[in-house]
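If you're wondering where the values come from, they're calculated on a predicted model, not measured in any experiment.
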Amino acid sequence: MSNAEQVRTLFGISLSHRPKWQQFFICSSGFFFGYLVNGICEEYVYNRLHFSYGWYFTFVQGFVYLFLIYLQGFTSKQMVNPWKTYVKLSAVLMGSHGLTKGALAFLNYPAQLMFKSTKVLPVMVMGAFIPGLRRKYPFHEYVSAVLLVIGLILFTLADAQTSPNFSVIGVLMISGALVMDSFLGNLQEAIFTLNPQTTQMEMLFCSTVVGLPFLIPPMLFTGELFKAWTSCSQHLFVYGVLVFEAMATFIGQVSVLSLIAIFGAATTAMITTARKAVTLLLSYLIFTKPLTEQHATGLLLIGMGITLKIVLDDKPNKKALNSSPIVNIPKPSKDKELLAQSDYVGEEEERRPLV
């Protein structure tokens, strides 16, 4: 490992000197745990309690993040990037969070989840245009992503028939969140790539600090700030659920940033899709919703897409290991070694100052 590379850790667990599969397992475990809890809490708050205040909840979550980052010992003195690096990233991040949470007022959680899962395609497309990345993906990755998207669309259409909470406004909001997500992951990867010394804590800290002010105008414009304050004041236990959700999501966010730094934005988007499928099934099991054949077909295509990527990504690595012969480099003779050493000594003598 070069000195320029950042020694990656995840909540005290070293990642840099571990094999790729261990890095993947550790980061994915933290990600799955954090966002499974997040999904259950969001389903409960939005669809059971009918508290649909996406911008305000994101605002509260941001302060919980800052407190947890402070407990991790990170301060602004440890930053390696200027603040301006995070302005565009923070605007996109907060817009994505706010629209995603706000869409739950018009979509039920599985429908929102499935729309968000399609972000792998826009993330891959946008990666070709982000300065510092200019990524090009192999053909099979696009096929895998298309299978995912078709499966998610099938599931969403089936969900629209079995669940009443599905509207055009919600689709427009979640589509806006998808556009922002296509920038988000690639911008984060570009920052990690251009400056490997960037840590996950710095990324989350700066994105939150710069991004919180972006949430105030939409809260004031929609009147959500005062409505949410009044509603939550009458049901204080909602703050407990929000804090618990934010703590779990914090673990998930830091794990996602670790995945982006190590594996890239598109691969991370595929991993998040797998997590969404698991969260989806839990949502149907916990909240007892009906599953149809169309749901099953959609989930089958999702599984095919993920399997295609995993299998074909693994083959080139095996071929590279099996087909790379060990080249025997002939050892130079002693006469050539002595000649080279004498030339090197002569060059050193010429370079010395005549003092």
Side-chain angles (χ1 to χ4, degrees), residues 1-20 22-24 26-28 30-31 34 62 65-66 68-97 119-120 122-137 179-214 249-272:
M1 180 180 295
S2 64
N3 294 331
E5 290 182 356
Q6 169 67 31
V7 178
R8 299 276 170 210
T9 61
L10 182 62
F11 300 113
I13 302 173
S14 176
L15 299 174
S16 299
H17 302 288
R18 295 177 182 271
K20 286 290 184 183
Q22 289 187 12
Q23 294 176 344
F24 178 84
I26 293 170
C27 296
S28 298
F31 167 68
Y65 281 1
L66 293 178
L68 293 174
I69 292 170
Y70 172 77
L71 292 181
Q72 292 290 318
F74 182 84
T75 64
S76 58
K77 294 179 181 180
Q78 300 173 28
M79 290 173 57
V80 297
N81 295 306
W83 283 102
K84 65 180 181 180
T85 304
Y86 297 99
V87 174
K88 187 187 299 183
L89 175 65
S90 301
V92 170
L93 176 64
M94 293 304 170
S96 173
H97 283 342
K119 74 177 183 180
V120 62
V123 165
M124 292 174 71
V125 172
M126 194 57 63
F129 301 98
I130 296 294
L133 289 181
R134 306 292 184 188
R135 288 207 176 277
K136 294 182 179 179
Y137 298 96
V179 173
M180 294 188 177
D181 281 341
S182 68
F183 286 95
L184 179 60
N186 286 301
L187 288 174
Q188 289 171 330
E189 185 182 354
I191 293 173
F192 281 127
T193 302
L194 295 174
N195 192 345
Q197 294 299 317
T198 307
T199 63
Q200 302 97 305
M201 286 298 166
E202 175 182 334
M203 181 80 72
L204 190 56
F205 172 78
C206 296
S207 300
T208 304
V209 170
V210 178
L212 282 174
F214 285 103
T249 310
F250 176 78
I251 297 173
Q253 280 275 7
V254 178
S255 301
V256 165
L257 292 174
S258 301
L259 286 169
I260 291 174
I262 297 171
F263 298 99
T267 300
T268 302
M270 297 288 284
I271 297 168
T272 59

**Student:** Tell me, yes or no, whether the heavy-atom count around K84 atom NZ, taken from other residues, nucleotides or ligands under 6.0 Å, exceeds 12.
**Tutor:** no
**Student:** Work out which heavy atom in C27 is nearest to a heavy atom in L10; give both atom names and the distance.
**Tutor:** CA-CD2, 4.0 Å
**Student:** Would you say S207's side chain and L204's backbone share a donor-acceptor pair under 3.5 angstrom?
**Tutor:** no
**Student:** Working to the nearest 0.5 Å, report the span between OG of S90 and NZ of K88.
**Tutor:** 12.0 Å
**Student:** How many angstroms lie between atom CD of Q72 and atom CZ of F205, to the nearest 0.5 angstrom?
**Tutor:** 13.5 Å
**Student:** Is there side-chain contact between Y86 and L93, with at least one heavy-atom pair below 4.5 Å?
**Tutor:** no
**Student:** I'd like to know whether CZ of F74 has more than 12 heavy-atom contacts from other residues, nucleotides or ligands below 6.0 angstrom.
**Tutor:** yes
**Student:** Any idea which heavy atoms bring L257 and F192 closest together, and the distance?
**Tutor:** O-CE1, 3.6 Å
**Student:** Could you pull out all residues at least two apart from Y65 that satisfy side-chain hydrogen bond (donor to acceptor under 3.5 Å, both in side chains)?
**Tutor:** none
**Student:** Got a donor-acceptor contact below 3.5 angstrom from the E202 side chain to the M79 backbone?
**Tutor:** no
**Student:** Taking all non-hydrogen atoms of both residues into account, name the closest pair between K20 and F263 and its distance.
**Tutor:** O-CZ, 3.7 Å
**Student:** Does the pair C206 and N81 meet the rule for a side chain to side chain contact (heavy atoms under 4.5 Å, CB included), with working shown?
**Tutor:** CA-CA 10 Å; C206 296; N81 295 306; over 6 Å; no
**Student:** Going by the rule ring-ring contact (aromatic ring centres under 6.0 Å, His included), which residues pair with F214 if we only count those two or more places apart in sequence or in a different chain?
**Tutor:** none
**Student:** Give the minimum heavy-atom separation between T208 and G62, together with the two atoms involved.
**Tutor:** CG2-O, 3.4 Å
**Student:** Indicate the atoms forming the closest heavy-atom contact of F11 with I251, along with that distance.
**Tutor:** CZ-CA, 3.8 Å
**Student:** Are L66 and L212 side-chain neighbours, meaning at least one heavy-atom pair lies under 4.5 Å?
**Tutor:** yes
**Student:** Measuring from atom CH2 of W83 to atom OG of S76, what distance do you get when rounded to the nearest 0.5 angstrom?
**Tutor:** 6.0 Å
**Student:** Nearest 0.5 Å please: distance from the CD atom of Q200 over to the CG atom of L259.
**Tutor:** 10.0 Å
**Student:** Crowded around Y70 OH? As in, over 12 foreign heavy atoms under 6.0 Å?
**Tutor:** no
**Student:** For the atom pair CD1 (I191) and CD1 (I260), what is the distance rounded to the nearest 0.5 Å?
**Tutor:** 10.0 Å
**Student:** If I take atom CE from residue M203 and atom CD1 from residue I69, how far apart are they, to the nearest 0.5 angstrom?
**Tutor:** 12.0 Å
